[in-house]
Visitor: 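Shown below is the structure under consideration.
Start at 1 with the first residue, then count along the sequence.
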Amino acid sequence: MTIISGSLIATSCNSAGKKAEESTDSVATTAAPQPYGHVDGQEVLQYTLTNANGIVVKVLNYGGVITDIITPDRDGNKGNIVLSYDSLAGYLQKGNPYFGTLVGRYGNRIAKATFQLDGQTYKLAANDHGNTLHGGMKGFDKVVWKATPQPGDSSLVLEYTSKDGEEGYPGNLQVQVTYTLTADNALKIEYAATTDKATPVNLTQHTYFNLSAGKDANILDHVLQLNASNYTPVDDLLIPTGKISPVKGTPMDFTAAKKIGQDIGKVKGGYDHNWVFDKQGFDTVGSLYHEASGRYMTMATSEPAVQFYSGNFLDGSLDYTRDGAKYVQHAGMCLEAQHFPDSPNQPSFPNTILKPGERYTQTTVYQFGVK
């Protein structure tokens with residue numbers, strides 16, 4: 001069986017557990033998942049992962065949503081560093097901008113909601129100015145996944161079968177995503193998929209980070225660094241032009257750490273672009289730092305690129321927000337490990353077509369600390 005990993009394709013983003021039990025890698029949460037509501041007649045549950053250092057990650061079986069990542073600041077004060085809602089109603093509201101969700105079958109945009117594959121034209125849902133975005137009208141972010149906690153480990157396995165023709169995509173796609181909270185304070189996300197018909201696959205995670213844990217209204221003072229010397233320029237609808245351009249001398253240059261707000265005013269609409277990593281294979285690709293709290297996050301991935309999105313479309317209008325927070329423009333930012341947007345229509349971009357007999361894999365790790 002052929003293995004298709006991120007690196008190989010490149011070359012061819014509130015339930016306290018009961019007393020936890022310690023394992024060699026982490027502390028497994030022994031509390032039962034907590035009820036969180038219902039969707040389409042199915043029960044939504046919230047699962048809690050906790051490690052020996054008191055880091056907490058909470059996940060829904062609806063959309064694979066990460067509702068909480070609770071970490072300490074440099075003074076030991078804990079806070080939730082992701083944007084979230086206080087109930088399921090928030091995630092179900094119209095206009096929810098994918099807070100914390102798993103994204104698929106194809107993360108990011110496909111131009112004109114169409115692509116050709118093996119001589120056939122496929123029409124997708126045009127849910128973003130005539131293009132398709134994040135899997136369509138009902139992508140992986142809006143379905144209930146089968147969730148299985150792993151015994152003896154702070155790990156949760158999510159499984160979903162995307163049927164042939166769902167949202168216009170060909171093939172029955174079997175998807176598995178595993179969230180693991182490690183002993184060294186990292187959230188590891190492992191993706192795998194197989195198909196019975198050739199189909200585009202580009203899975204990612206859409207958590208919005210704000211390392212201030214809500215103390216700052218926006219992330220413009222966060223310091224970002226990306227090991228990416230190039231990016232893919234886009235048109236006015238955020239579709240790549242097909243070029244791969246150097247970041248040097250442009251506002252897109254994060255090869256040296258700088259505040260997100262330093263050059264954002266020079267980028268029309270704000271940052272919502274695909275940065276192309278310099279590395280091959282799995283490696284650390286960047287970092288995020290919030291000086292006031294001391295919180296620091298690194299990112300490693302097998303993927304060839306990342307969509308850095310600076311929360312440009314947030315406008316303070318979302319309902320059911322956690323603690324009534326007003327999520328204004330730039331209230332959070334996403335680092336979505338991915339293949340390039342619109343790759344099915346851009347032959348020069350890294351391959352995103354998964355074929356029968358092949359296995360899609362992707363691993364992304366967000367590691368949390370202070371300095």
Side-chain angles (χ1 to χ4, degrees), residues 13 82-83 94-101 103 106-113 125-136 139 141 202 204-210 216-226 228-255 257-277 286 288 305-318 321 326-343 345-346 349:
C13 189
V82 304
L83 304 193
K94 184 178 181 180
N96 169 37
Y98 305 94
F99 275 10
T101 61
V103 175
Y106 199 94
N108 219 307
R109 294 168 175 86
I110 295 179
K112 299 180 181 178
N127 63 331
D128 184 64
H129 305 288
N131 305 308
T132 192
L133 173 66
H134 292 334
D141 60 296
N202 189 29
T204 192
Q205 223 291 335
H206 209 286
T207 287
Y208 288 70
F209 294 99
N210 183 322
D216 290 357
N218 61 56
I219 45 77
L220 298 182
D221 277 345
H222 282 49
V223 177
L224 177 66
Q225 188 270 327
L226 295 173
S229 300
N230 297 281
Y231 79 108
T232 52
V234 294
D235 63 19
D236 288 342
L237 294 180
L238 299 174
I239 298 295
T241 63
K243 295 181 179 178
I244 298 178
S245 298
V247 299
K248 188 174 182 179
T250 78
M252 318 304 283
D253 191 354
F254 286 92
T255 53
K258 70 177 181 182
K259 288 186 176 182
I260 292 171
Q262 178 175 315
D263 294 323
I264 196 170
K266 302 174 185 176
V267 181
K268 183 180 179 181
Y271 294 112
D272 194 2
H273 299 74
N274 176 65
W275 272 258
V276 180
F277 294 132
L288 186 67
V306 66
Q307 188 83 4
F308 162 39
Y309 171 52
S310 55
N312 311 320
F313 299 113
L314 298 175
D315 61 5
S317 66
L318 293 169
T321 56
K326 288 294 182 185
Y327 291 141
V328 298
Q329 188 178 45
H330 311 312
M333 54 89 73
C334 304
L335 291 172
E336 307 160 57
Q338 64 176 10
H339 272 59
F340 300 5
D342 197 35
S343 289
N345 294 314
Q346 309 246 12
F349 285 179

Visitor: So do Tyr208 and Val82 actually touch side chain to side chain, heavy atoms under 4.5 Å?
Guide: no
Visitor: Is any side-chain heavy atom of Asp342 closer than 4.5 Å to a side-chain heavy atom of Arg109?
Guide: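 No - every pair of side-chain heavy atoms lies 4.5 Å or more apart.
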Visitor: Nearest 0.5 Å please: distance from the CD atom of Gln329 over to the CG atom of Asn218.
Guide: 9.0 Å
Visitor: So Pro97 and Tyr327, do their side chains get closer than 4.5 Å, heavy atoms only?
Guide: no
Visitor: Using 0.5 Å steps for rounding, measure from the CG atom of Leu238 to the CG atom of Leu133.
Guide: 9.5 Å
Visitor: Which heavy atom of Gly242 sits nearest to which heavy atom of Gln346, and what is that distance?
Guide: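 Smallest interatomic distance, heavy atoms only, reads CA-OE1, 3.2 Å.
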Visitor: Any side-chain heavy atom of Met333 within less than 4.5 Å of one from Leu335?
Guide: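 The answer is yes; the side chains approach within 4.5 Å.
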Visitor: Looking only at heavy atoms, what is the nearest atom pair of Tyr271 and Pro251, with distance?
Guide: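 Distance-wise, the nearest heavy atoms are OH-O, 2.8 Å.
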Visitor: Minimum heavy-atom separation for Ala257 and Val223, please, with both atom names.
Guide: CB-CG1, 3.6 Å
Visitor: Within a strict 4.5 Å, meaning less than it, do heavy atoms of the Ile264 and Ser310 side chains meet?
Guide: yes
Visitor: Go through the side-chain N and O atoms of Asp128 and Asn131 and say whether any donor and acceptor fall under 3.5 Å apart.
Guide: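 No, no side-chain donor-acceptor contact under 3.5 Å.
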Visitor: For Lys258, is the NZ atom crowded, meaning more than 12 foreign heavy atoms sit under 6.0 Å from it?
Guide: yes
Visitor: Once you round to the nearest 0.5 Å, how far does CD1 of Ile260 lie from CG of Leu288?
Guide: 5.5 Å
Visitor: Please find the pair of heavy atoms, one from Leu224 and one from Phe254, that lie closest to each other, and give the distance.
Guide: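 Looking at all heavy atoms of both residues, the closest pair is O-CD2, 3.5 Å.
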Visitor: Provide the closest heavy-atom pair for Pro341 versus Tyr106 in the form atom of the first, atom of the second, distance.
Guide: C-OH, 4.2 Å
Visitor: Against Asp272, only a single residue in Val234, Val267, Asn312 fulfils side chain to side chain contact (heavy atoms under 4.5 Å, CB included); can you say which?
Guide: Asn312
Visitor: Of the options Phe209, Trp275, Tyr231, which is the one that meets Phe308 in a ring pair (Phe, Tyr, Trp, His ring centres under 6.0 Å)?
Guide: Trp275
Visitor: With a 4.5 Å heavy-atom cut-off, do Leu314 and Leu83 have their side chains touching?
Guide: yes
Visitor: Does atom CG of Asp235 have more than 12 heavy-atom neighbours, drawn from other residues, nucleotides or ligands, at distances under 6.0 Å?
Guide: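 Counting other residues, nucleotides and ligands, CG of Asp235 exceeds 12 neighbours.
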Visitor: Strictly by modelled atom types, are Glu336 and Asn108 linked by a side-chain donor-acceptor pair under 3.5 Å?
Guide: no
Visitor: Can you see which heavy atom on Ile110 is nearest to which on Ile239, and at what distance?
Guide: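 That would be C-CD1, 4.4 Å.
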